[in-house]
Trainee: 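If you scroll down you'll find the structure; I have some questions about it.
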Amino acid sequence: MTQLPLPWFARSAASVASDLIGCRLLVDGVGGLVVETEAYDRSDPASHSFAGPTSRNASMFGPPGHAYVYRSYGLHWCMNIVCEPGSAVLVRALEPMAGLDRMRARRLTTDPHRLCAGPGRVCQALAISGEHDGRPLDRAPFVLLARDQPVTVMSGSRIGITRGVQTPWRFLLAGSRFVSRPLPRGRPS
DNA sequence: GGATGGATTGACT
DNA sequence: GTCAATCCATCCT
């Protein structure tokens, strides 16, 4: 079990997003396998960083390997991991592995496939909020471990955006039933 | 100063 | 399938 060092994130978000599939993310001992991510970068019209730094997205322009946590639709939290400046990877789904009891209590559901399937659900299950914005992923309460076995990564179009729709920067663990939505039938985009 | 819409989710028809 | 919840950046007047 190897903790990913912060410089590991100092490269393109798409590259990090693909390599994060199969890694393990824990917050205070609660978490699991990363099975779904999306990449966003400075040149991407769908990205919060597209129009430059603001108070909300300041962490996206901070050091790599730190969290960028923002509020979505006024009520949910979404967690990203910062890569090269102005780019980040959105953590969209985990396969629950540790702290299932705490996840169930926070999420008010017992279905293991609904505990961490979606960016808002991941943050609720792991109790991630604005307090974690800007904090480094190599220190408590975070633990982020490298893959301990090889994985097959699939890619497709990102979810819930209106611009940059064609960019295939959503990454999934092949065959996982813990993703927020399956890839469309047929050839991946 | 006000209106609009979003990297979402859960409840409901 | 539709809709409301509700924060904040952006765009308009």
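For the numbers below, each heavy atom of this structure counts, side chains included, while hydrogens, waters and symmetry mates do not.
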Trainee: Could you pull out the closest heavy-atom pair between A:L100 and A:M97, with the gap in Å?
Mentor: CD2-C, 3.7 Å
Trainee: I want to check one thing: is the phosphate of C:dA9, taken as OP1 and OP2, less than 4.0 Å away from some side-chain N or O of A:S55?
Mentor: yes
Trainee: Rounded to the Å, how far apart are A:E36 CD and B:dT8 P?
Mentor: 10 Å
Trainee: Under a plain distance cut-off of 3.5 Å, with no hydrogens placed, do A:S47 and A:D41 share a side-chain donor-acceptor pair?
Mentor: no
Trainee: I'd like to know if A:R24 and A:D148 make a salt bridge, using a cut-off of under 4.0 Å between side-chain N and carboxylate O.
Mentor: yes
Trainee: If I take atom OH in residue A:Y70 and atom P in nucleotide B:dT8, what distance separates them, rounded to the nearest angstrom?
Mentor: 6 Å
Trainee: Wobble G-U and Watson-Crick pairs count when both distances are under 3.5 Å; given that, what is the 5' to 3' dot-bracket string of DNA chain B, with | for pairing to other strands?
Mentor: ||||||.|||||.
Trainee: Are A:F9 and A:H66 an aromatic pair, judged by ring center distance below 6.0 Å?
Mentor: no
Trainee: Answer yes if the side chains of A:D111 and A:T109 hold a donor-acceptor pair under 3.5 Å, and no otherwise.
Mentor: no
Trainee: Assuming nearest nucleotide by heavy-atom distance, tell me which of A:T162 and A:A117 is located more 5' along DNA chain B.
Mentor: A:T162
Trainee: Taking the C1' atom in each of C:dC3 and B:dG5, what is the distance between them to the nearest angstrom?
Mentor: 15 Å
Trainee: Using a heavy-atom cut-off of under 4.0 Å over every strand shown, decide if A:I161 touches base, sugar-phosphate, or nothing.
Mentor: sugar-phosphate
Trainee: Which atoms form the tightest heavy-atom contact between A:C123 and A:M79, and what is the distance?
Mentor: SG-N, 3.5 Å
Trainee: Show the distances under 3.5 angstrom between N or O atoms of the protein and N or O atoms of nucleotides 4-6 of chain C.
Mentor:
residue : atom : partner : partner atom : Å
C:dT6   : O2   : A:Y73   : O            : 2.9

Trainee: Mind calculating the distance between CG (A:D41) and P (B:dA7) to the nearest angstrom?
Mentor: 15 Å
Trainee: Do A:N57 and C:dA9 have a side chain to base donor-acceptor pair shorter than 3.5 Å?
Mentor: no
Trainee: Mind listing the residues from residues 8-18 of chain A sitting with a heavy atom below 4.0 Å of DNA chain C? Number order is fine.
Mentor: none
Trainee: Round to a whole Å and report the spacing from CH2 of A:W77 to C1' of C:dC7.
Mentor: 9 Å
Trainee: Answer yes or no: is there an ion pair linking A:R158 with A:D44, defined by an N-O contact shorter than 4.0 Å?
Mentor: yes
Trainee: Taking atom types as modelled and ignoring hydrogens, do the side chains of A:R107 and A:Q124 form a donor-acceptor contact shorter than 3.5 angstrom?
Mentor: yes
Trainee: State yes or no: are the ring centers of A:Y70 and A:H48 separated by less than 6.0 Å?
Mentor: yes
Trainee: Suppose you measure atom P in C:dT2 against the same atom in B:dG6; what distance do you get, rounded to whole Å?
Mentor: 16 Å
Trainee: When the P atoms of B:dC12 and C:dT6 are considered, how many whole Å apart are they?
Mentor: 16 Å
Trainee: To the nearest Å, how far apart are A:R42 CZ and B:dA7 C1'?
Mentor: 17 Å
Trainee: Give a yes/no answer on whether the side chain of A:R163 brings an N or O atom under 4.0 Å of OP1 or OP2 in B:dG6.
Mentor: no
Trainee: Using the side chain to side chain contact (heavy atoms under 4.5 Å, CB included) rule, pick out the option among A:V122, A:V35, A:I159 that qualifies with A:S180.
Mentor: A:I159
Trainee: Which whole-number value in Å describes the distance from A:F50 CZ to C:dT10 P?
Mentor: 12 Å
Trainee: A:L90 has an atom CG; how far is it from atom P of B:dG6, in whole Å?
Mentor: 16 Å
Trainee: Tell me the closest heavy-atom pair linking A:A117 and A:A93, and the distance in Å.
Mentor: CA-CB, 4.1 Å
Trainee: What pair of heavy atoms forms the shortest contact from A:T37 to A:A17, and how long is it?
Mentor: OG1-O, 2.9 Å
Trainee: Under 4.0 Å: is that the gap between some side-chain N or O of A:R56 and OP1 or OP2 of C:dT10?
Mentor: no
Trainee: With sugar-phosphate meaning primed atoms plus P, OP1 and OP2, does A:R107 contact a base, only sugar-phosphate, or nothing at under 4.0 Å between heavy atoms?
Mentor: sugar-phosphate
Trainee: Do NZ/NE/NH1/NH2 and the carboxylate oxygens of A:E36 and A:R170 come within less than 4.0 Å?
Mentor: yes
Trainee: If I take atom CG in residue A:D111 and atom C1' in nucleotide B:dT9, what distance separates them, rounded to the nearest angstrom?
Mentor: 15 Å
